[in-house]
Amino acid sequence: QVQLVESGGGLVQAGGSLRLSCAASGRTFSRFVMGWFRQVSGKEREFVATITWSAGTTYYADSVKGRFTISRDNAKNTVYLQMNSLKPEDTAVYYCAATRDGIQSASYYAAIPRYNYWGQGTQVTVAS
């Protein structure tokens, strides 16, 4: 079974930065597409960013382009989300997700149904 564990969340002031980490189990990490999603209580989970294996590309939600950066360290089975210039609107529980890579471009993975595995989430709170 593939397990994902997020960390790095916390409380920051508007304009600040955080780096989230997602540690994945298994030896198939390098063949997985990894994604970050976020969810506010009472609202649907929304896409944030993804990084592919087969295409080796990244894709971001318009709301975070230029501010967030997704990256991966396959040797450590870890994916990161560097979040800069944080806004109160970024406050949410952030979830890491993974799925076996296919032939689609990165934008294909900007949807919840694409993913098979999910972490438990880490809280990010941005204060004004």
Side-chain angles (χ1 to χ4, degrees):
Q1 182 180 3
V2 175
Q3 294 186 350
L4 307 174
V5 180
E6 303 95 336
S7 62
L11 174 65
V12 297
Q13 295 180 347
S17 299
L18 281 175
R19 188 178 76 158
L20 305 183
S21 298
C22 174
S25 65
R27 293 182 177 274
T28 61
F29 178 80
S30 64
R31 298 182 181 273
F32 275 58
V33 173
M34 305 295 297
W36 285 98
F37 292 75
R38 64 188 183 186
Q39 186 171 25
V40 177
S41 180
K43 300 182 66 177
E44 294 185 354
R45 194 167 299 184
E46 66 175 6
F47 168 74
V48 175
T50 187
I51 183 167
T52 69
W53 167 250
S54 59
T57 57
T58 59
Y59 183 73
Y60 299 90
D62 288 341
S63 60
V64 305
K65 285 181 179 177
R67 299 190 299 122
F68 291 9
T69 302
I70 187 172
S71 62
R72 64 195 300 165
D73 185 338
N74 291 341
K76 296 182 178 180
N77 286 346
T78 301
V79 63
Y80 305 96
L81 184 68
Q82 178 66 45
M83 305 185 295
N84 299 326
S85 301
L86 283 162
K87 306 174 181 179
E89 305 93 273
D90 296 317
T91 295
V93 176
Y94 283 70
Y95 296 90
C96 177
T99 190
R100 297 290 296 273
D101 204 355
I103 61 174
Q104 304 296 331
S105 60
S107 61
Y108 175 82
Y109 298 98
I112 291 174
R114 309 290 184 251
Y115 295 87
N116 304 105
Y117 308 101
W118 294 85
Q120 297 301 307
T122 184
Q123 176 70 48
V124 171
T125 302
V126 184
S128 61

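Source: prediction; values computed, not measured. Starting from 1, each residue takes its place in the sequence as its number.
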List for me each residue that meets side chain to side chain contact (heavy atoms under 4.5 Å, CB included) alongside [X], sequence neighbours excluded, and say none if there are none.
{"X": "S85", "answer": "R67"}
{"X": "V40", "answer": "K43, A92"}
{"X": "A61", "answer": "F47, S63, V64"}
{"X": "V126", "answer": "V12, A14, L86, P88, D90, T91, V124"}

Roughly how far apart are [X] [atom1] and [Y] [atom2], rounded to 0.5 Å?
{"X": "C22", "Y": "Y117", "atom1": "SG", "atom2": "OH", "result": "13.5 Å"}
{"X": "T52", "Y": "M34", "atom1": "OG1", "atom2": "CE", "result": "12.5 Å"}
{"X": "T99", "Y": "N116", "atom1": "OG1", "atom2": "CG", "result": "4.0 Å"}
{"X": "L81", "Y": "T69", "atom1": "CG", "atom2": "OG1", "result": "8.0 Å"}
{"X": "D73", "Y": "Y80", "atom1": "CG", "atom2": "OH", "result": "5.0 Å"}
{"X": "Q39", "Y": "E46", "atom1": "CD", "atom2": "CD", "result": "9.5 Å"}

Open item on the list: Does any part of the side chain of F32, heavy atoms only, come nearer than 4.5 Å to the side chain of V2, both counted from C-beta?
Closed with: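 Yes, side chains in contact.
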Which heavy atom of [X] sits nearest to which heavy atom of [Y], and what is that distance?
{"X": "Y60", "Y": "I70", "result": "OH-N, 2.9 Å"}
{"X": "L18", "Y": "G8", "result": "CD2-O, 3.8 Å"}
{"X": "A24", "Y": "L4", "result": "CB-CD2, 3.4 Å"}

Open item on the list: Test side chain to side chain contact (heavy atoms under 4.5 Å, CB included) on C96 and W118; report intermediate values, then the result.
Closed with: CA-CA 6 Å; C96 177; W118 294 85; over 6 Å; no
Open item on the list: Between R114 and Y108 (side chain of the first, backbone of the second, donor and acceptor by atom type, cut-off under 3.5 Å), is there such a pair?
Closed with: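 At least one qualifying donor-acceptor pair exists.
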Task: Short side-chain to backbone donor-acceptor contact, Y115 and Y109, under 3.5 Å - done: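 Present.
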Open item on the list: Going by disulfide (SG to SG under 2.5 Å), name the pairs with one or both residues in residues 59-92, residues two or more places apart or in two chains.
Closed with: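 The answer is none; no pair qualifies.
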- [ ] Evaluate side chain to side chain contact (heavy atoms under 4.5 Å, CB included) for Y95 paired with I112, printing each intermediate quantity in order.
- [x] CA-CA 11 Å; Y95 296 90; I112 291 174; over 6 Å; no
Task: Of all pairs that satisfy side-chain hydrogen bond (donor to acceptor under 3.5 Å, both in side chains), the ones with a partner from residues 4-21, not counting sequence neighbours - done: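 Those involving residues 4-21 are S17-N84.
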